[in-house]
Chemist: 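This structure is in structure tokens; I'll ask about it shortly.
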There are 2 protein chains.
Amino acid sequence: MWDDKQMPAKPSTGQPGGDGAAPGSQTLLRGLAILEAVAGGARDLAGLSAVLGTTRSTTHRLAAALVEQRYLTFAPREGYALGPKLLELGFRAQQASPVTRVARPHLERLSAACGDTIHLGVLEEDWALYLDKLPGRRRIEISSRVGERQPVWSTGLGKALILDLDEARWRGFHRLGPARGAHSPDLATWLERMRTYARQGITYDREENEPEVRCVAAPIRDAGGAIVAAFSVSSTVQYMDEVRMEDLTGTVREVARAISRDLGWPG
Amino acid sequence: MWDDKQMPAKPSTGQPGGDGAAPGSQTLLRGLAILEAVAGGARDLAGLSAVLGTTRSTTHRLAAALVEQRYLTFAPREGYALGPKLLELGFRAQQASPVTRVARPHLERLSAACGDTIHLGVLEEDWALYLDKLPGRRRIEISSRVGERQPVWSTGLGKALILDLDEARWRGFHRLGPARGAHSPDLATWLERMRTYARQGITYDREENEPEVRCVAAPIRDAGGAIVAAFSVSSTVQYMDEVRMEDLTGTVREVARAISRDLGWPG
DNA sequence: GGATCTTGTTTTTCTATGTGGGACGATAAG
DNA sequence: CTTATCGTCCCACATAGAAAAACAAGATCC
């Protein structure tokens, strides 16, 4: 399930049930749905039509338009695939945030040094939005996607993003979190940890968001000292025992400082 | 058939004159045009409407749909910007090609070592398509974009991509090239150079594609020995005199071999 | 401080637009 | 050869979406 939207918004077979939520531009939305279906693995018209709930002819026309505009590619025996225009726009979107560009070289050095998966993210609405990802060199890879949103309160990266907020806001974020069970701490425990994190300027995630995944994260500040982004170093628990997390802390803090300084932070 | 020349698709003020060339899905195309307009710098409805040739209300509906689907973002005082969904799809499109993923670390090392702009590309139809770009650390940056297409015959990267083809095909590619004037070599000279390049397994671009820009490029081969991609190291002429190009040649060839080997090339 | 631009948002009317059924020609499978 | 399955093309009809205009909310001017 690549599509975990909270709104059902399931475009079924044109049923005018009056469920609302269908704003205005059907054709455009269907076209975009095709893009996502292809990203999700659909490769032929049949698959796409099934996802969209449209007939082959309709699907074909939309897909053909997308191919013509280079948003998709089509190869006779291979089917549809994401096209070069998405490469371009994605790259542009990434470059649009100065943080990504500035942070990249620093994160690359960090990646080379530690071999773990590194994420860069910002706060968008009430979510942590991943802007960049540097895959690790471990056997097991963290399955996350650039452009994806993760809950703020449970991820190391998310917690780093809200490190400067007051306790009332913190409570707000904790309330947003769906009870993941298992490793999810209750409010009191979580707040206590957040206070510690804020004092240290570093956050941890000890399998709170995803079992077996741990990470160390730190906020990135701009010239005004405000937190504009954060990055995290993630690995599975076997590579991330308490000792290693301690060890990483210093490096992570240092890299965060270096990036922030490049953004004009007096430090 | 599906891939004809780029239609400018300039939909002027609703002219139903029937000039033909009207593909099919207007709404979708307009939506995509909005994405590109935003990528091109348009930030408000007025600007977008001007580019599309539609009224504000129409533009707004499309833009709102794109925002809702996270293809665009909108901030009250900032205007529209490319959204996280494009990050995600762009990243996916990039990952779809195994070459990009395999080549990345190698190219990063190369980038760190030489400081010049590095491009990775493949052959798409009759063009060199840029899959990845690692910006250089020079004062002047090469203005190229991931997802963009460049002529094959004049770029170092393009020439590396067709290094294995026979001379008849080479002629075909040379014929495609628009007479850029100035540094453009005639067919005989160009073929002669290509023969040399093919013998050396390395190609050069001495300001043939873009004045002041030079580069050294090499092909990347897969397990079967076929050229599946190529990369180039580019810089302005002041950083790329003959001596430097000679020096780079060895390194570039080595990196190309390393990447090819990672792809299963026996080498 | 109120008048007046200039933004983005919403509503309504009407027709151009896009839909889906079905036909066609490949190519692969039985 | 026949049959199933692709992508592609065509066309009549109804519906989706374009545009005009009203609305709301800041910003800007005087």
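Given the structure is predicted, the values throughout are model-derived calculations rather than measurements. Chain letters run A, B, ... following the sequence lines, proteins first, then strands; residues in each count from 1.
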Chemist: Within this structure, what is the CG-to-C1' distance between Leu48(A) and dT19(C), rounded to whole angstrom?
Modeler: 17 Å
Chemist: Once rounded to the nearest 0.5 Å, what's the spacing between atom CZ of Arg70(B) and atom CG of Leu129(A)?
Modeler: 6.5 Å
Chemist: What is the ring orientation for Phe74(B) with Tyr80(B), classed by angle as parallel under 30°, tilted 30 to 60°, or perpendicular over 60°?
Modeler: tilted
Chemist: Are a donor atom and an acceptor atom from the side chains of Thr59(A) and Ser49(A) found within less than 3.5 Å of each other?
Modeler: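 There is such a pair (donor and acceptor under 3.5 Å, judged by atom type) between the side chains of Thr59(A) and Ser49(A).
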Chemist: Taking only the side-chain nitrogens and oxygens of His60(B), find out if one of them lies under 4.0 Å from OP1 or OP2 of dG8(C).
Modeler: no
Chemist: Mind calculating the distance between CG (Leu45(B)) and P (dC5(C)) to the nearest angstrom?
Modeler: 20 Å
Chemist: Write down the distance between CD (Glu78(A)) and P (dT27(C)), rounded to a whole number of angstrom.
Modeler: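 Taking CD of Glu78(A) and P of dT27(C), I get 16 Å after rounding.
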Chemist: For Leu66(B) and dG8(C), what is the distance between atoms CG and P respectively, to the nearest whole Å?
Modeler: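 After rounding, the reported distance stands at 15 Å.
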Chemist: Ignoring hydrogens and geometry beyond distance, is the side chain of Thr55(B) in donor-acceptor contact with the base of dA20(D) at under 3.5 Å?
Modeler: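 Side chain to base: no pair below 3.5 Å.
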Chemist: In terms of ring plane angle, is the pair His174(A) and Trp153(A) parallel, tilted or perpendicular, where the classes change at 30° and 60°?
Modeler: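 Correct class here is perpendicular.
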Chemist: Counting only side-chain nitrogens and oxygens, does Gln26(A) get under 4.0 Å of the OP1 or OP2 atom of dG18(C)?
Modeler: no
Chemist: Would you say a side-chain N or O of Thr58(B) is under 4.0 Å from OP1 or OP2 of dA19(D)?
Modeler: yes
Chemist: Within this structure, what is the CZ-to-P distance between Arg77(A) and dA26(C), rounded to whole angstrom?
Modeler: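 Distance, rounded to whole Å: 18 Å.
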Chemist: Within the pair Arg61(A) and dG18(C), is there a side-chain N or O less than 4.0 Å away from OP1 or OP2?
Modeler: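 Negative; the distance criterion is not met.
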Chemist: Report the residue (Arg56(B) or Arg56(A)) whose heavy-atom-nearest nucleotide on DNA chain D is the more 5′ of the two.
Modeler: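 Nearest-nucleotide comparison on DNA chain D picks Arg56(A).
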Chemist: Using only modelled atom types and a 3.5 angstrom limit, is any donor from either the side chain of Thr27(B) or the base of dG17(D) paired with an acceptor on the other?
Modeler: no
Chemist: CG of Asp44(B) versus C1' of dT9(C): gap in Å, rounded?
Modeler: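 My rounded result for the distance is 15 Å.
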Chemist: Considering only dT9(C), dG22(C), dA18(D), which nucleotide approaches the side chain of Arg30(B) most closely?
Modeler: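 Looking only at side-chain atoms, Arg30(B) lies closest to dA18(D).
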Chemist: Are the charged groups of Lys133(A) and Glu148(A) less than 4.0 angstrom apart, N to O?
Modeler: no
Chemist: Which listed nucleotide (dG22(C), dC6(D), dA19(D)) is nearest to the side chain of Ser57(B)?
Modeler: dA19(D)
Chemist: Let me know the distance between CD1 of Ile34(A) and P of dG18(C), rounded to the nearest Å.
Modeler: 14 Å
Chemist: CG of Leu28(B) versus C1' of dA16(D): gap in Å, rounded?
Modeler: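 From Leu28(B) CG to dA16(D) C1': 14 Å.
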